[in-house]
Structures are given as structure tokens and as C-alpha cells.
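As a basis for the values below, the full set of heavy atoms in this structure was taken, side chains included, without hydrogen atoms, waters or symmetry mates. Here the structure is a predicted model, which is why all the values come from computation and not from measurement.
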2 protein chains.
Amino acid sequence: MRPVDHSAPPGQERRRGRRPGGQQTRDALLAAARAEFAEVGFDQARVRSIAAAAGVDPAMVNHWFGGKDGLFLAAMDIPFDPAVVLARVLDGGLEETGERIVRTFLTVWDATGGGPFVALLRSVANHETAARMIREFVSEVLIGRIAAAVSTDQHRLRAALCGSQVVGLGMARYVIRLEPIASAEVDTLVAAIGPTLQRYLTGPLA
Amino acid sequence: MRPVDHSAPPGQERRRGRRPGGQQTRDALLAAARAEFAEVGFDQARVRSIAAAAGVDPAMVNHWFGGKDGLFLAAMDIPFDPAVVLARVLDGGLEETGERIVRTFLTVWDATGGGPFVALLRSVANHETAARMIREFVSEVLIGRIAAAVSTDQHRLRAALCGSQVVGLGMARYVIRLEPIASAEVDTLVAAIGPTLQRYLTGPLA
DNA sequence: GTCTATACAACGATAGAC
DNA sequence: GTCTATCGTTGTATAGAC
């Protein structure tokens with residue numbers, strides 16, 4: 001799981017032109033993005049509006065962050081790349097999607113020791129705006145795409161059910177540190193929880 | 001190690017009998033309990049130690065709070081009675097235990113609007129001590145007893161898996177407000193999530 | 001007198017030392 | 001195994017408020 005490169009892109013240019021401060025543009029975008037995401041949420045936030053608030057061209061968002069998703073991830077300090085995660089989850093047989101979700105999730109967050117997960121949860125619990133941002137981003141970008149790709153009906157309910165179990169797993173393993181989940185092997189949790197997600201995605205819900 | 005001299009009560013003999021201001025005793029116990037629970041967690045907290053810190057008899061814990069559990073619930077402002085919840089969950093056929101857990105959980109927290117759940121989660125996320133307290137209490141008092149009552153092997157893993165899904169459900173419905181879980185009918189969620197908990201409790205885990 | 005907050009002793013369970 | 005210490009809890013007597 002490759003972490004998102006939040007720093008400068010390769011070929012750090014300190015060449016001609018009036019402004020040597022590319023980092024300033026990046027920081028201005030981040031600040032404007034945090035304000036806009038906090039104010040109107042992920043869905044309603046507009047790249048053009050953020051860029052205007054930062055006083056730069058909207059193309060700078062693509063240049064520095066690869067798009068709206070990346071800008072959000074950088075603004076929220078989320079330490080993984082959803083595109084990579086999605087690819088990894090969706091690559092393979094449909095029957096093992098549930099297990100791949102659990103394994104991917106645990107691999108990503110275990111690598112960070114869970115610290116960022118706790119920080120994310122803290123902001124979600126403390127700020128209504130953070131809850132809205134995370135809700136919309138997770139629902140739209142992560143879960144929605146998975147569910148749309150593998151489930152036939154009730155995409156949103158199936159996706160939300162998956163989300164609830166995954167979030168609960170993160171809570172138990174990284175925040176509450178509930179044993180034996182906190183210390184369990186990844187394989188153990190994959191075997192136990194994978195079928196749950198699989199049923200949420202493709203099984204009967206009643 | 002501590003020889004008690006009953007023949008010569010040294011100076012301060014505590015007065016027995018009713019005195020005005022029983023609330024003072026109650027409040028002193030609550031304050032002492034919060035300090036002790038925060039310092040050493042639920043397991044290592046001692047009723048005798050809390051009572052001593054409050055300057056009263058240990059039996060006062062039972063008188064005012066019904067026991068250590070009740071004292072903890074009062075100190076943490078947890079707005080439900082685990083004894084009632086446990087009875088409700090465990091009363092009935094084994095095959096429907098999973099569904100009863102979901103229904104009971106949703107009924108209890110829906111009645112409060114989810115506010116206390118958010119508050120509880122907030123303290124868990126913000127304070128390591130709160131996380132420890134909740135972890136030990138939930139593991140010991142709630143989950144452990146359910147799993148011991150209905151599952152045959154791997155009690156603690158089964159219990160923790162149930163806990164993770166229930167916590168995740170609460171996160172989705174009350175904190176993140178992830179649709180359609182946030183607005184779903186109780187019956188819908190019972191039908192969708194109940195089988196998950198049932199498998200965690202009595203089904204195969206691999 | 002009744003009611004109740006209180007104190008003290010003791011019980012069963014449990015864990016560790018020997 | 002036995003002994004010991006400590007735990008949460010309970011039973012009951014006492015003293016003060018009413």
C-alpha cells in the first residue's frame with residue numbers, strides 16, 4: 001500500500017518565473033480546501049471555488065494533488081491512496097472481495113500503527129463538519145464504488161453495512177484495543193470477518 | 001499484615017447511623033471512582049480503595065450504586081443498565097440471539113437520539129484512560145457474559161467480533177450518520193446485521 | 001415509633017505463595 | 001495440595017432524621 005505523496009512532485013522546480021514559491025501555492029490550496037470542505041462537505045466543495053479562494057488556477061489542484069480526492073486526502077492527512085486501495089480490493093474473484101477488503105484495510109492501517117486512524121476518528125467524533133466530510137468521502141469514493149462494482153441491488157445499503165463493520169473493526173483494533181482483536185493475526189480476522197462483508201455485498205440481506 | 005486493634009479504637013471512631021446529606025457520600029464516591037477508574041482502569045480499580053478515598057465504608061458502593069458495575073456506569077454517565085440489557089439479550093432462543101442484540105442496541109440508543117453514544121465515543125477517542133476503562137468494562141461485563149452464555153469455543157474472539165460490528169453500527173448510525181443506515185428502520189438493520197452476529201456467536205469462524 | 005444512611009463483620013470466590 | 005491475602009458483596013446492627 002503506497003502512501004500518498006503529500007510533498008512536492010518530482011522535479012521540484014526552482015526555475016525562472018516570478019514566483020519561486022510553489023510550496024506556497026500548495027499550502028494555500030490546502031488551507032482553502034480545509035475551509036471549504038469543513039464548510040460545505042466533500043460533495044458540495046468545488047475545486048474551482050477552492051482554487052479561487054487560494055488565489056491560484058484550478059489546474060494547480062491536479063498538479064499538486066492529482067485531483068479532488070487527493071486534495072481531500074492531503075487536507076485530512078489520510079495516509080493512503082484510495083485509488084490503490086480500490087484497485088487492490090476489486091482485483092480478483094468476486095467471491096473473495098469481502099476477504100480482500102478486510103486484508104487490505106488491516107494491511108494499510110497496521111502499517112501506520114493505527115495512529116492516523118485514531119486521529120481521524122477523533123476529529124470525526126469532535127467536529128460535526130469532520131463527520132460530514134468523512135461520511136461523504138467514504139460513502140462516495142470508497143464504499144460506493146466497491147458496492148457498485150460487485151453488488152446487484154441495494155448498493156448503498158450493502159456499502160454502508162460493509163462500512164459499519166470495517167469501521168467497527170478499526171475501532172476495536174486501533175482505538176479501544178479490544179482483545180483478542182487488537183492482537184489477532186490478519187489471517188484470523190480475514191477468515192472471521194471476510195464472510196460478513198461478502199454477505200453484505202452479494203448475499204441476502206433478510 | 002494489618003493487625004486490627006478492636007479493643008482500643010484509636011481516636012477517630014466513625015459515627016454510625018444516619019446523618020444528613022447522603023448525597024455528599026454519593027458524590028464523594030463518584031469523584032473518587034472517576035479518579036480511580038481513570039488511573040488504573042476498571043479491572044484494577046478496587047471498591048475498597050475508592051471507598052477509602054471517599055472516606056466511607058465500601059458497603060456504601062452497594063447501597064448507592066448497587067455494586068461496582070453500577071458505580072462505573074454512574075461515574076461514566078452511561079445511560080443504560082447492562083443488567084437489563086443482558087437479560088433482554090439472553091432471554092429467548094439461541095438462534096435469535098444475534099437479532100436480539102441488534103434490536104436491543106438500536107432500541108436503547110435510538111431512545112436517546114444517539115447523543116450519549118457520541119459523547120461516549122468522544123471520550124474514548126480523546127482519552128487513552130477512557131478507552132481503557134470502556135474496553136475493560138465492555139469486555140468484562142457485557143461481551144464476556146454474552147459469549148460465555150451462548151458460544152461454545154473461542155468466547156473472547158466471538159465476543160469481540162460482535163462488539164466490533166455493534167460499535168461500527170453505532171458509529172454509522174449515530175456518529176457518521178452514514179446513509180441509509182442512519183435513517184433505516186430497526187427491522188431492516190436487524191434483518192441485515194443479526195445474522196452476522198449470530199455467525200460470530202455460534203457459527204464457524206473460518 | 002418509621003425510615004434510612006451508615007459501619008462493621010463475615011461470606012464465597014479467586015489468585016498466589018508455599 | 002494447603003495456607004493466606006484480597007477481592008466484591010451481603011447481612012445486620014446502630015444511630016440519627018423524621
Sort me out a list of protein N/O and nucleotides 7-11 of chain D N/O pairs below 3.5 Å, or just none if empty.
unit_1: dG8(D); atom_1: OP1; unit_2: Ala45(B); atom_2: O; d: 3.2
unit_1: dG8(D); atom_1: OP1; unit_2: Val47(B); atom_2: N; d: 3.3
unit_1: dG8(D); atom_1: OP1; unit_2: Lys68(B); atom_2: NZ; d: 3.4
unit_1: dG8(D); atom_1: OP2; unit_2: Val47(B); atom_2: N; d: 3.0
unit_1: dG8(D); atom_1: N7; unit_2: Arg48(B); atom_2: NH1; d: 2.4
unit_1: dG8(D); atom_1: O6; unit_2: Arg48(B); atom_2: NH2; d: 3.3
unit_1: dT9(D); atom_1: OP2; unit_2: Lys68(B); atom_2: N; d: 2.8
unit_1: dT10(D); atom_1: OP2; unit_2: Asn62(B); atom_2: OD1; d: 3.2
unit_1: dT10(D); atom_1: OP2; unit_2: Asn62(B); atom_2: ND2; d: 3.1

By side-chain contact (heavy atoms from CB on, under 4.5 Å), which residues pair with Arg88(B), not counting sequence neighbours?
Thr104(B), Thr107(B)
Would you find a donor on one side and an acceptor on the other, under 3.5 Å apart, between the side chain of Lys68(A) and the backbone of Asn62(A)?
no
Apply side chain to side chain contact (heavy atoms under 4.5 Å, CB included) to residues Trp64(A) and Leu30(A) and explain how you reach the verdict.
CA-CA 10 Å; Trp64(A) 286 103; Leu30(A) 276 180; over 6 Å; no
Could you list the donor-acceptor pairs under 3.5 angstrom formed between side-chain atoms of residues 159-169 of chain B and any protein atom two or more places apart in sequence or on another chain?
unit_1: Ser164(B); atom_1: OG; unit_2: Gln165(A); atom_2: NE2; d: 3.1
unit_1: Ser164(B); atom_1: OG; unit_2: Leu161(B); atom_2: O; d: 2.8
unit_1: Gln165(B); atom_1: OE1; unit_2: Tyr200(A); atom_2: OH; d: 2.9
unit_1: Gln165(B); atom_1: NE2; unit_2: Ser164(A); atom_2: OG; d: 3.2

Given atom CE of Met60(B) and atom C1' of dT12(D), what is their separation to the nearest angstrom?
12 Å
Does Tyr174(B) use its side chain to pair, donor to acceptor, with the backbone of Asp110(B) at less than 3.5 Å?
yes
Just the table, please: protein N/O against nucleotides 14-17 of chain C N/O, every pair under 3.5 Å.
none

From CG of Leu29(B) across to P of dA5(C) the rounded distance in Å is 13 Å
Those residues at least two apart in sequence (or on a different chain) that pass side-chain hydrogen bond (donor to acceptor under 3.5 Å, both in side chains) with Ser49(B) are Glu36(B)
Give, for atom OG1 of Thr196(B) and atom CZ of Arg199(A), the distance between the pair rounded to the nearest 0.5 Å.
4.5 Å
Those residues at least two apart in sequence (or on a different chain) that pass side-chain hydrogen bond (donor to acceptor under 3.5 Å, both in side chains) with Glu39(B) are none
